[in-house]
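Note on naming: letters A, B, ... go to the chains in the order of the sequence lines (proteins, then strands), and numbering restarts at 1 for each one.
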Amino acid sequence: MRQSRFFIQTLREVPAEAEVSSHKLMLRAGMIKRVAAGIYNYQPLGLRVIRKVENIVRKCMNEAGAVELLLSMVQPAELWQASGRWTHYGKELLRFKDRGGREFCLGPTHEEVITDLVSGTVNSYKQLPLNLYQIQTKFRDEVRPRFGLMRGREFIMKDAYSFDIDEEGAEKSYKKMYDAYCRVFESCGLRYKVVDADSGSIGGSFSHEFMVLADTGEDAVISCSSCSYSANVEKAVVADTCKDEGEAPLKSEEVATPGLHTAAEVAEFLGVDLKKVPKTMIVKVEGVKENGKSADKLVAVIVRGDHEVNLAKVKNLLGGAGADFAEPGEVIKAVGCPVGSLGPVGMKLPVYMDNALKHAKNLVVGANRDGYHIKNVNAGADYEAPVYADLRNAVPGDICPECGGVYELTRGIEVGHIFKLGTKYSASMDAKVLDKNGRAVPFVMGSYGIGIGRTAASAIEQNNDEKGIIWPKAIAPFEVVVIPMNTNEDDVVNAADSIYGELLAKGADVIIDDRNERAGVKMIDSELIGYPLRVSVGRKGLAEGKVDISVRGTGETVSVPAEKAAEEVMRILAGLN
RNA sequence: CGGGGCGUAGCGCAGCUGGUAGCGCACCUGUCUUGGGAACAGGAUGUCGCAGGUUCAAAUCCUGUCGCUCCGACCA
């Protein structure tokens, strides 16, 4: 490729829209351009990266036995109504009508379409297991698109769906995808971590997230310092290590705390440790099944003052469909006291306490009376022992339930997510297959996603410096750039051309920067764009028959004889990752 | 959805105590230059987001509207 013909324009200044380094650098390097909020054009340079990521994904998926297809992007409402998600998916689903008034949506994911397709095609267990995937543009009308390709509304995703006759088969399929995903991210040259995750709105029984480690990541990841356990903060299980310290219980006493509402304010006012001042939150858990009926239920959740309530854990404990903090109005109606002075003593709602409070003595809690708290409160003496459970977010220093090690907190970017769906979709959409006994049973499914653009962006997030991008070789737009430093000198131009030709002949992924620009401009652009290797062909070096090869990642430069240049480039490339 | 900021040339911005638009980079022509974003000379580029209103006169003031963006609950 000749750069003069390549439709590329680098920017010296960062467009105001960009906040994180991957976004800034992709814009400056002329790889993407914004069309509307969360919607981007991929320019040739950016597209090459996207295609390389796609091809790595494709290769790993094919090796794992998955088969590529392409599903429709515009999807009829009926399919979504059948699964129940037409009403549940929410505003992220972009809906519209055709000329006949029929309702459609742009596919944000394809469980419905694929389930419908497979159930109409596969009739016998003999046709299973089956794993189908596609690489396609998705649309999710995100609340807040940001960070360029990191969180677009229109984005390219690889999604795969597995179909098995039973749980055992589904687990094998899941494991295959798990392994394939590891190979994908390794092949892309990324540092990543596999994390236990909550399955969220896609639903299903268990799931893992693949996180690329980066300080700018939007997700907090808890990982154990001594074993391999790691999990999303949402999901991380906290070991119950609360011990009885043998503190003698004191007699409780009500104190006035006018105008003090947060645990921190009360702790400071009374001069006690924040750990002794639990906070009481009223949580509304939706769709709790009781006596065969499903209803919303209000409960009091109490965690230590220095901890955070984890709504997902509350939801799971109560078996609800969702959970959120109750509105202030609902709280007053239910317990007769506003938020800020709540506590377990005389609480009208069922009380759930975090494990960390199991043996806590002499606590300071709200009196359920506005402006009052109670000191020296103890379970048993002052309130009935509540249900204790793991109800909070993990924090660094917590103990790992697997091995007893200590938790650490890192940040990551979620680039892949795999779900074991079970029969969630096949059952609701009545997608069945005949088993060995001739009985119709629902498919046992899994779904598996990789954000292609996000993977590319996270590679930049992980590999850049003040000059620009440092692409891992596997997904660099080109592996090598050849720069004729003096385009007005025939010797230089010819020498560069011939090295370029030799590299092409050797199968290198090479571009020649033949633009009639000054040497400095081309060097700076090559560093911004982040080609792993650069061959500088200039008058000075050529006087001694030499050219320079520089490695973007390390900054090292070696001078080699011009006629050996191509060979040397291939040798260095082979050692790069 | 809640809270802040911004819409002026391809990009970054100034102009906003009303008088009909400017700077840097990029772009075009020429000279010169070519191993780290050269210099000089000349040139082209705008429905000042949109719609109303106030005024002799609006980028500037008022109202509305649309879009973008940043901070908090979701996801590849």
Quiz item: With a non-hydrogen cut-off below 4.0 angstrom, is A:M485 in contact with a base, only sugar-phosphate, or nothing?
Solution: base

Quiz item: Taking a pair as Watson-Crick or G-U wobble with both distances under 3.5 Å, which nucleotide is matched to B:A26?
Solution: none

Quiz item: Who does B:C68 pair with, Watson-Crick or G-U, both distances under 3.5 Å?
Solution: B:G5

Practice problem: Could you please name the option among B:G35, B:A76, B:U69 that lies closest to any side-chain atom of A:R454? | Solution: B:A76

Exercise. Give A:R539 one of three labels, base, sugar-phosphate or nothing, depending on what nucleic acid heavy atoms sit under 4.0 Å from its own.
Key: base

Quiz prompt | Near-strand residues of residues 547-561 of chain A, defined as heavy-atom separation under 4.0 angstrom from RNA chain B | solution = A:D548

Quiz item: Atom NZ of A:K315 to atom C1' of B:C74: distance rounded to whole Å?
Solution: 12 Å

Quiz item: What is the per-nucleotide protein-contact pattern of nucleotides 26-31 of chain B, from the 5' end, where B denotes a base atom under 4.0 Å from a protein heavy atom, S denotes such proximity for sugar-phosphate atoms only, and - denotes neither?
Solution: S-----

Below 3.5 Å, can you tabulate the donor-acceptor pairs from side chains in residues 529-543 of chain A to any protein atom, sequence neighbours excluded?
unit_1: A:Y531; atom_1: OH; unit_2: A:Q3; atom_2: OE1; d: 3.3
unit_1: A:R534; atom_1: NH1; unit_2: A:S526; atom_2: OG; d: 3.0
unit_1: A:R534; atom_1: NH1; unit_2: A:E527; atom_2: OE2; d: 3.3
unit_1: A:R539; atom_1: NE; unit_2: A:E489; atom_2: OE1; d: 3.4
unit_1: A:R539; atom_1: NE; unit_2: A:E489; atom_2: OE2; d: 2.6

Exercise. Answer with base, sugar-phosphate or nothing: what part of the nucleic acid does A:G152 contact at a heavy-atom distance below 4.0 Å?
Key: base

Exercise. Select base, sugar-phosphate, or nothing to describe what A:G416 touches, counting heavy atoms under 4.0 Å on all strands.
Key: sugar-phosphate

Quiz item: Paired with B:C74 by Watson-Crick or G-U wobble geometry, both distances under 3.5 Å: which nucleotide is it?
Solution: none

Practice problem: Name the nucleic acid region contacted by A:G453, choosing base, sugar-phosphate or nothing; use a 4.0 angstrom heavy-atom cut-off, strictly under. | Solution: nothing

Distances for protein N/O vs nucleotides 43-45 of chain B N/O pairs under 3.5 angstrom?
none

Where do N or O atoms of nucleotides 1-7 of chain B meet protein N or O atoms at under 3.5 Å, pair by pair?
unit_1: B:C1; atom_1: OP1; unit_2: A:K91; atom_2: NZ; d: 3.3

Practice problem: Return the nucleotide paired to B:U55: Watson-Crick means purine N1 to pyrimidine N3 with N6-O4 or O6-N4, wobble means G-U with N1-O2 and O6-N3, both under 3.5 Å. | Solution: none

Self-check item: B:C75 base / A:R151 side chain donor-acceptor hit below 3.5 Å
Solution: yes

Quiz item: Just checking A:N488: base, sugar-phosphate only, or nothing, at a heavy-atom cut-off of under 4.0 Å?
Solution: base

Exercise. Do nucleotides 11-16 of chain B as a string where each nucleotide becomes B, S or -: B if the base has a protein heavy atom under 4.0 Å, S if just the sugar-phosphate does, - if no protein is that close.
Key: SSS---

